[in-house]
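Here's the structure we're looking at; comments come further down.
In what follows, chains carry the letters A, B, and so on, assigned in the order in which the sequence lines appear, proteins first and then strands, with residues in each chain numbered from 1.
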There are 2 protein chains.
Amino acid sequence: MAGRERRPVTIYEVADRAGVSIATVSRALRDSELVAPPTRRRVQRVAEELRFRPSRAGRALAEGQHAANGIVFPDLSGPYYAEVVLGYEEVVAELGRSVLILATQGRDNAAELVAELAGRVDGMVIMGRTVDDATVARIADTGLPLVLLARPRVGLVDTVTADNTDSARALTGHLLGHGHRELAFLGDPARSPDVAGRFAGFSAALADAGLDPVEPVRSEFDVRSGYTAARELLSRGRTRPEAVVCANDEVALGALRAAEDLGLSVPGDLALTGWDDIMASHYARLTTVHQAMRELGATAARWLDERISGVAAGARHEVLPTRLVIRASCGSHHDRPDE
Amino acid sequence: MAGRERRPVTIYEVADRAGVSIATVSRALRDSELVAPPTRRRVQRVAEELRFRPSRAGRALAEGQHAANGIVFPDLSGPYYAEVVLGYEEVVAELGRSVLILATQGRDNAAELVAELAGRVDGMVIMGRTVDDATVARIADTGLPLVLLARPRVGLVDTVTADNTDSARALTGHLLGHGHRELAFLGDPARSPDVAGRFAGFSAALADAGLDPVEPVRSEFDVRSGYTAARELLSRGRTRPEAVVCANDEVALGALRAAEDLGLSVPGDLALTGWDDIMASHYARLTTVHQAMRELGATAARWLDERISGVAAGARHEVLPTRLVIRASCGSHHDRPDE
DNA sequence: TCCGTCATTGGAAGCGCTTACATTCGCCGT
DNA sequence: ACGGCGAATGTAAGCGCTTCCAATGACGGA
């Protein structure tokens, strides 16, 4: 019964048992056309009996193809990346390929891991905030098909991003439309290309309105550091801002809690906006920006596939549009949640 | 510059350029001990110049090992699975192996995909609600190391789950403690082992209190179907329940919205509980059950590794504890959110 | 000075599969 | 009745790597 140490069944054993050559087995199990129907059936039956499962390594080596694509992202803890990865997986699996994932968050040897991943796939998607441009360039230089997601261009590599700057400008404009004049930005443009774009749009809107530029208040991407940074920002007495544009929803949610703790009402005393439209934001009545995350992943997957099959021509760059989601937190007159 | 069609560099070219044999290259790049330092340096320099990246397929074939683990889950859209996968990835990557993912949601050929995946990994984790027991048994029978996550035992396969029944019993008991007597269960025990366990605990608590058993009200796992099912349930006049235990937070959130739309106050007219403690539940003041999802994934990863390296003995089964998170929606006297 | 040792390197087999090419054989046309 | 053709199958050459074993050569002890 189920021996402890069992070597996997190989094509040779199937061939033996079916009384044919390994070539015939291979053919019977794949290009069914080239094999006489009775033979094919026999081989398939034997393969089934033996629980034969062709080794991908053998096949990959023979075909010179892994039939697998990779995706590199910072982490999966927020809903953001999970959605992107899901959109990616969906398309890639549909193309008959497997998906390798790599989360770089908190790993100091990310570049090395990415290089290692590169050796197992036919192409990969690299998201912003994972590895530096030099690493990307090095891999691209290797000839491996690549698509960058939510990060600035590097060389001639394809790029798919969601709009940040224009939306940020519109969002900030909306805030200004409410009469707010003392604005702050919570997030660190240096930490992520997305945040950099958002801050740029924020700044542009200030300039449009003839306001003085402001320095960003640095914060990580999670609720906790949003809370900490906001608490600090909101405590400095007379210079307290009327509105805070946050780098993402989690930070905004942290800021929201900080405001509560300080006895400030939102949006009464303070307007607040986030980014990403995560589910929690709906319930927190948070004004935010919605991105088609799944679509981002799916698009990247399709483009990568075109690169792999050599269809694609020159480098392509696409910016997917985003959508403002106005809820109560920005001081809007709506104070029922959106649909 | 950067020719279109570039074959990947192989170990042979490196050997040529460095003036050594491929054996030496292989050694220089791995067991640095066995090669004279000057030779090693030279080889490494050439490898670097050539951007040599060993083909994993070749290596896998030679070593008889993929150095990769798989994980199969229903989907990634809720925060639940994303967290589990993240915990898994973290540990697996630490062990120097790659992670292959497979989402079965909405795919009719899941069994086939899982079998295919089995051919590329040294072991894999299969979560509940993905493929049926027969498929699991078939793969286990192949000798491939397996760990089941959040699903009932199959044969002698290791199993890691979070407690469902006891927590459901406690949760339901809590509801009863508030004086509610007309309870309903929203979710489909047949759709997932987790839900089955939760319903069992729910039923047990009813029995404990000497109440009549109730039929579950079927619902999928998403907000929308929670809404639909709840709307239906809450509309049937005189038999309207006082409290609804939902299969997960998303369903509960849908029910919450349905209640709002029907003009019912929560918890005034209706008590509501969820499961999973997703972020949105915090803001919706939803009473729920918290599971250590990351830990689930991490534990599964570690166990799988022990199976792969042949350390582990007989089949092991672990049930990770969960924690009740009491918030306002169940009619508790607390109506401030927890910390 | 000779031989055994050991460090270093090369030769070559083999991992499991695909596929170009060779072989076999039944069948048709003439 | 024979040549030829095509369908069915077999043979064998790799794919890129690891690793066992053999070969080489320097060095130290006797």
>> Minimum heavy-atom separation for A:V114 and A:I126, please, with both atom names.
In response: CG1-CD1, 4.5 Å

> Regarding B:R129 and the six-membered ring of B:Y81, is the cationic atom NZ or CZ under 6.0 Å from the ring centre and inside 45° of its axis?
Replying inline: no

> Is B:G19 touching bases, backbone alone, or none of the nucleic acid, heavy atoms closer than 4.0 Å?
Replying inline: sugar-phosphate

> Atom CZ of A:R40 and atom P of D:dA8: how far apart are they, to the nearest Å?
Replying inline: 10 Å

> Can you tell me how far P of D:dG16 sits from CG of B:L50, to the nearest Å?
Replying inline: 14 Å

>> Could you tell me how far apart A:Q65 (CD) and D:dG16 (P) are, to the nearest whole angstrom?
In response: 14 Å

> Between C:dT9 atom P and B:L34 atom CG, what is the distance in whole Å?
Replying inline: 10 Å

> Please give, in whole Å, the distance from C:dC17 P to B:R59 CZ?
Replying inline: 20 Å

> Is a donor-acceptor pair below 3.5 Å formed from side chain B:R27 to base C:dG10, judging by atom type as modelled?
Replying inline: yes

> Among D:dG16, C:dT9, D:dC17, which nucleotide sits nearest the side chain of A:L61?
Replying inline: D:dG16

> A:E63 CD to D:dG14 P: how many Å, rounded?
Replying inline: 18 Å

>> Can you confirm whether A:R191 is buried at CZ, in the sense that more than 12 heavy atoms of other residues, nucleotides or ligands lie under 6.0 Å from that atom?
In response: no

>> From CD1 of A:I11 over to P of C:dT19, roughly how many Å is that when rounded to an integer?
In response: 11 Å

> A:S55 side chain N/O closer than 4.0 Å to the phosphate oxygens (OP1, OP2) of C:dC17?
Replying inline: no

> Which one, C:dC17, C:dG14, C:dT9, comes nearest to the side chain of B:A62?
Replying inline: C:dG14

>> Measuring to OP1 and OP2 of C:dT18, would you say a side-chain N or O of A:R30 lies under 4.0 angstrom away?
In response: yes

> Nearest to the side chain of B:S26 - C:dT19, D:dT18, C:dG11?
Replying inline: D:dT18

>> Looking at C:dG10, I'd like to know if its phosphate oxygens (OP1 or OP2) sit under 4.0 Å from a side-chain N or O belonging to B:S21.
In response: yes

> Does the pair B:E116 and B:R107 meet the rule for a salt bridge (Lys or Arg N to Asp or Glu O under 4.0 Å), with working shown?
Replying inline: CA-CA 14 Å; B:E116 154 73 25; B:R107 304 211 218 267; over 6 Å; no

>> Can you tell me which nucleotide in C:dC15, D:dT9, C:dA12 comes closest to the side chain of B:A23?
In response: C:dA12

> Is the backbone of A:G70 close enough, under 3.5 Å, to the side chain of A:Y88 for a donor and an acceptor to pair up by distance?
Replying inline: yes

> C:dC17 P sits how many Å from A:Y12 OH, rounded?
Replying inline: 8 Å

> Taking only N and O in the side chain of A:T24, is any of them less than 4.0 Å away from OP1 or OP2 of D:dG10?
Replying inline: yes

> Which sits closer to the 5' end of DNA chain C, B:G58 or B:I22, going by the nucleotide each is nearest to?
Replying inline: B:I22

